[in-house]
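Below: one structure, written as structure tokens.
Chain identifiers are assigned alphabetically (A, B, ...) following the order of the sequence lines, protein sequences preceding nucleic acid strands; residue numbering begins at 1 within each chain.
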There are 2 protein chains.
Amino acid sequence: MLTEERWGAILELVEREKAVSVPELEKRLGVSASTIRRDLTQLNSLGKLIKVHGGATSIGTQYVGKDLTMDEKYLMNSDEKMDIARYAAELISPGDYVYIDAGTTTEMLVDCIREQNATYITNSLTNARKLVRKGFKTFLTGGEVKGTTEAVVGAEAAEYLRKLHFTIGFWGTNGVSAEDGFTTPDQNEAMMKRISMGQTTKRYILCDRSKFSVVSPVTFADFEDAVVITGKLTDKKYKKYENIMEVTK
Amino acid sequence: MLTEERWGAILELVEREKAVSVPELEKRLGVSASTIRRDLTQLNSLGKLIKVHGGATSIGTQYVGKDLTMDEKYLMNSDEKMDIARYAAELISPGDYVYIDAGTTTEMLVDCIREQNATYITNSLTNARKLVRKGFKTFLTGGEVKGTTEAVVGAEAAEYLRKLHFTIGFWGTNGVSAEDGFTTPDQNEAMMKRISMGQTTKRYILCDRSKFSVVSPVTFADFEDAVVITGKLTDKKYKKYENIMEVTK
DNA sequence: CCACACATAATCAAATTCAATCATTTTCAA
DNA sequence: TTGAAAATGATTGAATTTGATTATGTGTGG
């Protein structure tokens, strides 16, 4: 496993769980504690996470100490994902019926949303909480809650979705490729994405550059089915497509 | 569990309950009193909460009074609620289909649940999160999320419930009276409670002594419709009823 | 006033975590 | 292929955290 890859995995876990211990990372990534510690030290000095005794916590999750406003967080993490999220949030108009997928990128999107006069529907517990705390009209799909991502998936959720229609929607993805479309590792999540996209008029996929030319096991949509919002494109191959929006801050 | 995580949990509890005792934190977080005391001392000096004899209070409540006496704390009923929750958790058997209502008492119940071989259904985002983090099979009702309680209510949620049947269920209440039954202030929440109780075989209402002889605007069930689990009964009037279980620790 | 239960801070031993170090393996370029 | 640089995993002693214990302090109810 490449170091970069491992760092990505660590950050993903820290973002999702808000806090992870060294032994946990050790088991999930299959490397020694020494390596994990070194990774955490480096990621900490890069400002990507906060190293604490026993493990690490995510930047946003300052349990103690002053809580950071969104802008401060933005400054700390002048991250590609955050630029994408900010841009996407502006696409929401008054009166919209907005579907928001589960995932870390869409979570950032939720943080950036300011449109009060829209209705929000999501299958993510985290996103629903954030939305309702911001005072937005929020709906959650019903069904089985999946442990790892804290999102609702499965037959009931699918049935619930089929009754709704959205004017605009935002999804995350694990891989994007012109040939295989948008892909994700989990069958159930793929189903949720596929159905919700089917019910939506304006479809946007949020993804950072690292997802390009990656193919995960399950395809949930074809490449032409949505507009891709991403940071600076590094792969020339994708320059020619019209449904890619490059956010340049 | 990381120290930071524990601090987060403590602060969340203190914020919500306004006052928590050391033994309660001990039980809910599964660490020793020594550790809790150390945590409180540190959080106190960080200015995140006020340490008082017996536990801690939230910052906001500080000006109201000097230290809370144990009586005052008992009035807040956290300890009693905890005892009730622990007792109720033992009622769940393998294979049960368990409905869990939204609310602070049922939240404590969730903290106490140990039965892995059951399926849990709730309309509370908080409870769903907790359940799924404990590794239990968890379902959430779909529908509109209400801001104040972070629970799902409304027509969709009701429709979702109607399709299900539960072997056992637990509800909170704002008032209990032999004449007016179980009552709550909110119309929508009452509807959720009423419907879910209709789909459940064994019905339990969790409530501390302060709820007796209180009547809120909306009745969601008659007094005979459920077994009441409570702490020590102070009101002699209720001694004669057979559907009241007194948990004496 | 006293006795009782409980809460507290201090102390200690055990367990866990840490940074530093070193040998081994891998990577990359000459 | 060879050698230098980087990454990894194991080891070690120091530091931190934790839970139990104990002596002391605080509040309650007779």
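Separating the CG atom in B/Asp111 from the CG atom in B/Leu29 is a distance of 8.5 Å, to the nearest 0.5 Å. Atom CG of residue A/Asn123 and atom CE of residue A/Met192 lie 4.0 Å apart, to the nearest 0.5 angstrom.
No donor-acceptor pair under 3.5 Å is formed between the side chain of B/Thr106 and the backbone N or O of B/Gly172.
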Listed pairs, N/O of protein and of nucleotides 19-21 of chain D, under 3.5 Å:
{"unit_1": "D/dG19", "atom_1": "OP2", "unit_2": "B/Ser32", "atom_2": "N", "d": "3.2"}
{"unit_1": "D/dG19", "atom_1": "OP2", "unit_2": "B/Ser32", "atom_2": "OG", "d": "2.9"}
{"unit_1": "D/dG19", "atom_1": "OP2", "unit_2": "B/Thr35", "atom_2": "OG1", "d": "2.2"}
{"unit_1": "D/dG19", "atom_1": "O5'", "unit_2": "B/Ser32", "atom_2": "OG", "d": "3.4"}
{"unit_1": "D/dG19", "atom_1": "N7", "unit_2": "B/Arg38", "atom_2": "NH2", "d": "2.7"}
{"unit_1": "D/dG19", "atom_1": "O6", "unit_2": "B/Arg38", "atom_2": "NH1", "d": "3.4"}
{"unit_1": "D/dA20", "atom_1": "N7", "unit_2": "B/Ser34", "atom_2": "OG", "d": "3.1"}
{"unit_1": "D/dA20", "atom_1": "N6", "unit_2": "B/Ser34", "atom_2": "OG", "d": "3.3"}

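As rounded to whole Å, 15 Å separates atom P of C/dT26 from atom CZ of A/Arg6. Atom-to-atom, NE2 of B/His53 to C1' of D/dT28 comes out at 11 Å; the value is rounded to the nearest Å. Going from atom CD of B/Glu26 over to atom P of C/dA7 covers 10 Å, rounded to whole Å. Put simply, CG on B/Asp39 is 7 Å from P on D/dT18, counting in whole angstrom units. Rounded to an integer number of Å, the gap from CD of A/Glu5 to P of D/dA7 is 15 Å. Rounded to whole Å, the distance from CD on B/Glu4 to P on D/dT18 is 10 Å. The interatomic distance linking B/Leu2 (CG) with D/dT16 (C1') rounds to 13 Å, in whole Å. Rounded to a whole Å, the CZ atom of B/Arg37 is 13 Å from the C1' atom of D/dT24.
The ring pair (Phe, Tyr, Trp, His ring centres under 6.0 Å) search around A/Tyr87 returns none, not counting sequence neighbours. Annotation: ring pair (Phe, Tyr, Trp, His ring centres under 6.0 Å) contacts of A/Phe220 (sequence neighbours excluded): none. Every residue two or more places apart in sequence or in another chain that forms a side chain to side chain donor-acceptor pair (under 3.5 Å) with B/Arg129 is listed here: A/Glu150. Partners of B/Tyr97 under the ring pair (Phe, Tyr, Trp, His ring centres under 6.0 Å) rule, at least two apart in sequence or in another chain, do not exist in this structure.
For A/Thr219 and A/Asp180, the side-chain atoms include no donor-acceptor pair closer than 3.5 Å.
Note: B/Tyr241 and B/Phe223 have perpendicular aromatic rings, judged against thresholds of 30 and 60 degrees for the angle between ring planes.
Counting non-hydrogen atoms under 4.0 angstrom, A/Thr41 reaches nothing in the nucleic acid.
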Quiz prompt | Bracket notation of DNA chain C in which parentheses pair within the strand, [ ] cross earlier pairs, and | pairs with another strand (Watson-Crick or G-U, under 3.5 Å) | solution = ||||||||||||||||||||||||||||||

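For C/dT17, the OP1/OP2 oxygens have no side-chain nitrogen or oxygen of A/Lys51 closer than 4.0 Å.
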